Each structure stands twice: as structure tokens, then as C-alpha cells.
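Working notes, structure below.
Treat the numbers as computed from the prediction; the structure is a model and nothing was measured. These values consider heavy atoms only, across backbone and side chains, with no hydrogens, waters or symmetry-generated copies. Sequence positions, counted from 1, serve as the residue numbers for this chain.
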Amino acid sequence: MANRNFNGVQINQSVTIVEQAGADIEDVRNRIMAYDKDGNVVLAVDGSVVPVGIALIESGVNDISGVESGKVNAGDDVDIQIKDIGYILAGGEIAKGNEVMAFSGLAVKAESGNYVVGIALSADAKDEYCRVQITKYQKGQEAHEEEKNNG
């Protein structure tokens, strides 16, 4: 560990962090990000990976023509929202109050045992922006069993 001197209380109230991309990503904007084995960020492939947060709408290339907007190359910086309320591009139908997880970086309704990135604050169709309260945790099995018994 680097030699650091911490004087006083160290609390960072920032809602965002900046991390390096671990791979080329065609469009990172409003996608769910996770750490790779090297500690860099990549699209969260599914609910089996712990989410870091949501890439900001201004992450990646800012191309006025729209051709390369949101593109990042491996090693580029990615701005990521890690708490509070943000927007994720929906990968399917999402209802208000649904727990959402990642599927290819997009938000889908969470399944039992998977890692949740947040709670949907809007009802949205595929490819719409879903307003989400970022609340990261693993969805328990007991909720799934109770649904089966009451369903």
C-alpha cells in the first residue's frame, strides 16, 4: 500500500467515481458497470456480478454527429454514478418498484439470487431510460420461494 497520511475524517460525499475501462465498449452511456479481474470497469453482463454503478450519459466520446457517442476504448476514463437516483437504459419491460439487475449492461427485472443495482422509480419499455434509485444488494432466495408459494 502506498505511504499515505490521513489527517482527520476522510468521507467522500461524491455520487460519482472515475474508473478505467477494461475493454472497448461501443456505447457506455447509462449502462450498468462492474469490475473485471484487473479492477477496471466493463459492462455488467448479468445479475451474477456485483454492480459498481451506472455510467453517466456524458461518458465516452462526445460526438455531435452521434456516430461514436458514448464509445470508450480500453484504458479510457469512465464516469460512474455509484449512489442516489440515476437513469439506466432498459433492456426489457420494467414496472415501477421492480428491483433491477444487469443484462449486457442494461436494466432488467431482477431474479432471485442475483445482484440488484437498484429500484425502478418509473415504468419503462425496452430501450427507454429507467429512473432508478441505486441500492446495491443481492436479492434473497426467500423472496422467490414466497412468490412461488403465494403465486
Side-chain angles (χ1 to χ4, degrees), residues 1 12-149 151:
M1 184 165 153
N12 185 341
Q13 294 296 322
S14 177
V15 248
T16 62
I17 60 173
V18 178
E19 295 285 356
Q20 277 193 341
D24 294 347
I25 302 171
E26 200 62 37
D27 191 351
V28 73
R29 300 170 300 169
N30 297 98
R31 300 315 201 271
I32 303 169
M33 307 303 293
Y35 288 119
D36 67 10
K37 64 179 179 46
D38 298 318
N40 297 315
V41 291
V42 293
L43 292 178
V45 283
D46 59 29
S48 69
V49 296
V50 178
V52 175
I54 307 164
L56 299 181
I57 187 97
E58 294 179 349
S59 290
V61 172
N62 187 4
D63 177 13
I64 197 163
S65 72
V67 175
E68 291 192 340
S69 290
K71 182 177 180 164
V72 294
N73 295 316
D76 287 352
D77 285 344
V78 179
D79 296 311
I80 302 169
Q81 183 177 354
I82 58 170
K83 65 178 189 168
D84 296 335
I85 297 172
Y87 288 88
I88 306 172
L89 200 58
E93 291 286 325
I94 297 173
K96 251 185 185 183
N98 280 163
E99 296 166 301
V100 295
M101 67 178 205
F103 180 77
S104 298
L106 305 175
V108 296
K109 185 177 176 184
E111 298 172 1
S112 183
N114 284 299
Y115 288 98
V116 171
V117 71
I119 309 298
L121 301 176
S122 62
D124 300 285
K126 186 176 186 333
D127 298 327
E128 292 182 344
Y129 289 94
C130 182
R131 188 169 176 229
V132 174
Q133 177 185 6
I134 300 170
T135 310
K136 298 174 270 186
Y137 58 92
Q138 188 173 17
K139 185 174 171 108
Q141 297 288 338
E142 63 281 351
H144 179 66
E145 291 303 318
E146 187 175 42
E147 286 174 10
K148 283 173 50 178
N149 294 334

Report task. Answer yes or no: are there more than 12 heavy-atom neighbours, outside K136 itself, under 6.0 Å from its atom NZ? Result -> yes
Query raised in the report: Mind checking what makes salt bridge (Lys or Arg N to Asp or Glu O under 4.0 Å) contact with E19, not counting sequence neighbours?
Result: none
Report summary line: Taken in chain and number order and not counting sequence neighbours, the residues that satisfy salt bridge (Lys or Arg N to Asp or Glu O under 4.0 Å) with R131 are none
Requested in this report: Go through the structure and list residues passing side-chain contact (heavy atoms from CB on, under 4.5 Å) with A95, not counting sequence neighbours.
Outcome: N98
Query raised in the report: Under a 4.5 Å cut-off applied to non-hydrogen side-chain atoms, are V28 and D76 in contact?
Result: no
Query raised in the report: Could you state the interatomic distance from CD1 (I32) to CG (D46), rounded to the nearest 0.5 Å?
Result: 10.5 Å
Requested in this report: Keeping the roles fixed (side chain from N30, backbone from Y87), state whether a donor-acceptor pair exists under 3.5 Å.
Outcome: yes
Query raised in the report: Does any non-hydrogen side-chain atom of Y35 lie less than 4.5 Å from one of V41?
Result: yes
**Report entry** Approximate separation, where rounding is to 0.5 Å, of R31 CZ and I57 CD1
**Finding:** 9.0 Å
Query raised in the report: Within a radius of less than 6.0 Å around NZ of K109, do more than 12 heavy atoms belonging to other residues, nucleotides or ligands occur?
Result: no
Query raised in the report: Taking only residues two or more places apart in sequence or in another chain, which ones pass side-chain contact (heavy atoms from CB on, under 4.5 Å) with V108?
Result: M101, F103
Query raised in the report: Is the side chain of S59 donor-acceptor paired with the backbone N or O of D79 at a distance under 3.5 Å, no angle test?
Result: yes
**Report entry** Exercise: identify the closest heavy-atom pair between I94 and C130
**Finding:** CG2-SG, 3.9 Å
Query - Sole residue of I25, I54, I82 in side chain to side chain contact (heavy atoms under 4.5 Å, CB included) with M33 - result: I25
Requested in this report: Taking all heavy atoms of I88 and all of G105, pick out the closest pair and write down the distance.
Outcome: CG2-O, 4.4 Å
Report summary line: Scanning both residues in full, the closest heavy-atom pair of A44 with V49 reads CB-CG2, 3.9 Å
**Report entry** By side chain to side chain donor-acceptor pair (under 3.5 Å) - contacts of D124 (at least two apart)
**Finding:** S122
Report task. Kindly write out the residues that satisfy side-chain contact (heavy atoms from CB on, under 4.5 Å) with D38, not counting sequence neighbours, or none if the list is empty. Result -> D36, N40
Query raised in the report: Short question: side chain of E93, backbone of A125 - any donor-acceptor pair under 3.5 Å?
Result: no
Report summary line: Note: T16 and Q81 closest approach over all heavy atoms is CG2-CA, 4.1 Å
